[in-house]
Amino acid sequence: MTITAERLAPPRTTNAAIWVSDVEALCRPDSVEWIVDEADIRERLTARLIEAGTIFKLNPDLRPNSYLARSTEDDVARVEGRTFICTPTKDAAGPNNNWRDPVDMRSELLELFSGSMTGRVMYVIPFSMGPEDSPFAQYGIQITDSAYVALSMLTMTRSTARLRERLTAGAPFVAALHSVGYPLHDDSGASRSDVAWPSNSRKYICHFPQLDEIWSFGSGYGGNALLGKKCFALRIASHMGRKQGWMAEHMLLIRVTSPKGKKYHLVAAFPSACGKTNLAMLQPSMPGWKVETLGDDIVWMRLDEQGQLRAMNPENGFFGVAPGTSTKTNPVAMETVSRDTIFTNVALTPEGDVWWEGMTKRAPSMLTDWLGNAWTPESGTPAAHPNSRFTSPVANCPTVCEDWEAPEGVVVDGIIFGGRRADTAPLVAQAYDWEHGVLMGATIVSERTAAAEGTVGELRPDPFAMSPFLGYSLTEHWLHWLEIGEQISADAKPEIFHVNWFRKAEDGSFAWPGFGENIRVIDWMIRRIESQRTHVADRANSDFHVDLGERVQYTPAGIVPETGAVDTEGFTPEQVASLEAAVKVDEQEWRRELERQQAYLEGYGTSVPLELHTALAKLRGLLK
Ligand code: OXD
Ligand code: MN
């Protein structure tokens with residue numbers, strides 16, 4: 001059957017079998033294989049990848065059931081410049097996205113995908129985001145010509161034979177098509193041999209939110225290729241959530257149990273590579289506290305019948321940044337990746353184990369670097385790529401909540417926003433009210449990290465840490481947050497906070513030790529949550545937070561603790577002194593910051609919800 005632009009033009013078929021056979025006719029692979037998470041299927045994929053030289057088996061005595069993959073220098077990170085949202089109008093995609101007309105993009109893609117899989121196997125992976133029977137669950141089918149992607153999808157999502165049956169019987173799904181764009185034969189009959197990491201210099205990561213479709217071409221790496229993650233669970237899902245009244249956010253999810261045995265659930269949104277995985281796996285430095293992991297990257301939230309906000313991690317695996325992870329910074333992650341893990345772009349030790357910058361104080365004297373070259377500490381280049389990653393099952397995490405897959409999710413008590421900023425933003429600030437919290441999310445700025453292409457260190461706005469991941473217009477997203485806030489019942493409204501673990505002291509050192517000590521900040525937040533709850537009635541009668549007579553300051557950054565309000569038991573005198581620099585709200589910096597926020601909002605004109613301007617005006621009123 002010939003596929004024409006009209007045939008695949010909207011609306012696409014929602015029949016799984018027809019879609020798969022249409023794609024087969026378009027991409028012309030040698031064969032088609034349905035993949036689900038079963039041992040013999042994993043073994044088959046693994047054996048093929050080893051034979052192709054894409055992955056190497058690590059020493060099973062040191063790292064059981066684990067592999068190392070190496071990509072190529074031009075395929076190491078998300079390609080935001082090549083990520084497109086194809087909505088009927090440019091406005092619907094918003095100023096935050098690269099927009100393309102869906103029909104134009106569709107015909108460009110049809111050409112690219114035509115014959116793009118020749119000589120290859122086309123894998124078809126039915127998958128569920130969220131436990132299959134949960135009310136949060138959404139289904140997808142990924143088609144890919146990469147066995148590495150297929151194998152990784154089996155860890156990152158849930159893929160079962162039962163789901164395959166459901167989908168072929170007509171359950172709705174997101175259609176996620178992926179090709180590395182490296183066909184082995186062309187139309188003239190010429191052939192080329194395969195390479196260990198096939199990709200294409202032309203990359204396209206395209207989303208059709210109206211059709212629940214993703215088309216990804218040219219990259220085999222991370223979020224570009226594992227389409228359940230950023231493409232589906234954030235970009236497509238955020239659009240679904242806007243339409244259907246729920247939320248898809250770039251957040252971690254943890255359960256914190258206080259020494260009194262009370263459980264709290266917190267979600268936190270930070271830009272990529274700003275410590276979400278570390279916070280998700282926090283080992284509290286204060287006795288009596290427990291932190292358990294539910295998710296490290298994506299959270300879906302919806303209201304229940306009681307008007308409570310419930311959250312769930314739709315993923316089944318971690319795709320975490322390796323560099324900087326160590327038994328000191330994140331022992332839980334180190335334990336999680338001790339087996340059953342695919343590492344990508346880390347260095348290899350002579351013993352057949354992995355290494356990356358920050359894993360140990362001193363680098364081993366000899367390594368093979370992420371490109372496969374001999375490396376010594378004198379080489380002057382990183383041994384592991386700064387955006388090298390591990391792909392591990394959530395179930396392997398020693399701190400995972402026993403009930404992390406509970407179909408009803410968990411009730412959210414607190415929402416944390418944050419960024420990486422050397423100055424201005426204090427260690428922690430509580431929002432005066434929901435609207436101020438939404439302003440905090442909308443005005444996140446952060447130093448750029450290696451997770452995306454671009455200059456590391458440069459400050460960039462990253463509203464809700466979603467700017468590369470939102471499938472619609474950002475001001476519409478702010479409105480969505482305000483509308484959801486209105487629907488949460490007053491006694492269940494989560495408190496909203498902003499944190500900055502990365503504030504620098506005058507000498508340029510970090511003012512806050514971070515990592516396990518972050519529990520001290522969480523302890524403060526929980527005390528604030530508790531005291532707010534006991535004052536809900538008062539709050540209903542006041543448009544500003546009531547003064548609870550605690551050791552807090554009301555500042556233009558929000559409500560911040562006085563230094564004595566943060567538990568510093570066990571801190572060195574230097575750490576106690578440094579806390580002052582960490583929590584400080586500097587009048588001049590905040591005058592500038594509020595001007596920046598004002599200019600930032602004004603940049604989006606009249607589409608900015610009025611509530612955010614009002615919240616900002618209230619903060620301005622707090623400047624001396
Ligand atoms: C990620 C990212 O991979 O945010 O999670 O870049
Ligand atoms: Mn992320």
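A quick note: this is a predicted structure, and the numbers were derived from the prediction, not measured. One-based numbering, in listed order, for ligands and for the atoms of each. Along the sequence shown, residues are numbered consecutively beginning with 1. Just the heavy atoms: all of them, side chains too, but no hydrogens, waters or symmetry mates, feed the values below.
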Test log, rule salt bridge (Lys or Arg N to Asp or Glu O under 4.0 Å), inputs Lys230 and Asp297: CA-CA 9 Å; Lys230 305 300 186 181; Asp297 194 42; 2.8 Å; yes

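Between Lys276 and ligand 1, no N or O atom pair is found at a separation short of 3.5 Å.
Here is the list of ligand 1 atoms found below 4.0 Å of a heavy atom in Ser272: 2 (C), 4 (O), 6 (O). Distances below 4.0 Å separate heavy atoms of His250 from the following atoms of ligand 1: 4 (O). Of all the atoms in ligand 1, the ones that sit under 4.0 Å from a non-hydrogen atom of Asp297 are 5 (O).
Side-chain atoms of Tyr148 and Thr344 include a donor-acceptor pair closer than 3.5 Å.
Geometric assessment of Arg389 against the ring of Phe343 yields a negative cation-pi assignment under the 6.0 Å and 45° thresholds.
At a threshold of 4.5 Å between non-hydrogen side-chain atoms, the residues Lys276 and His250 count as touching.
Which of Lys230, Arg78, Glu315 comes nearest to atom 5 (O) of ligand 1 through a heavy atom is settled by distance: it is Lys230.
An angle of 100° is found at the Mn ion (ligand 2) between Lys230 atom NZ and Asp297 atom OD1, rounded to 10°.
Ion pairing between a basic and an acidic side chain is recognised when a charged N comes within 4.0 Å of a carboxylate O; Asp37 and Arg42 show such pairing.
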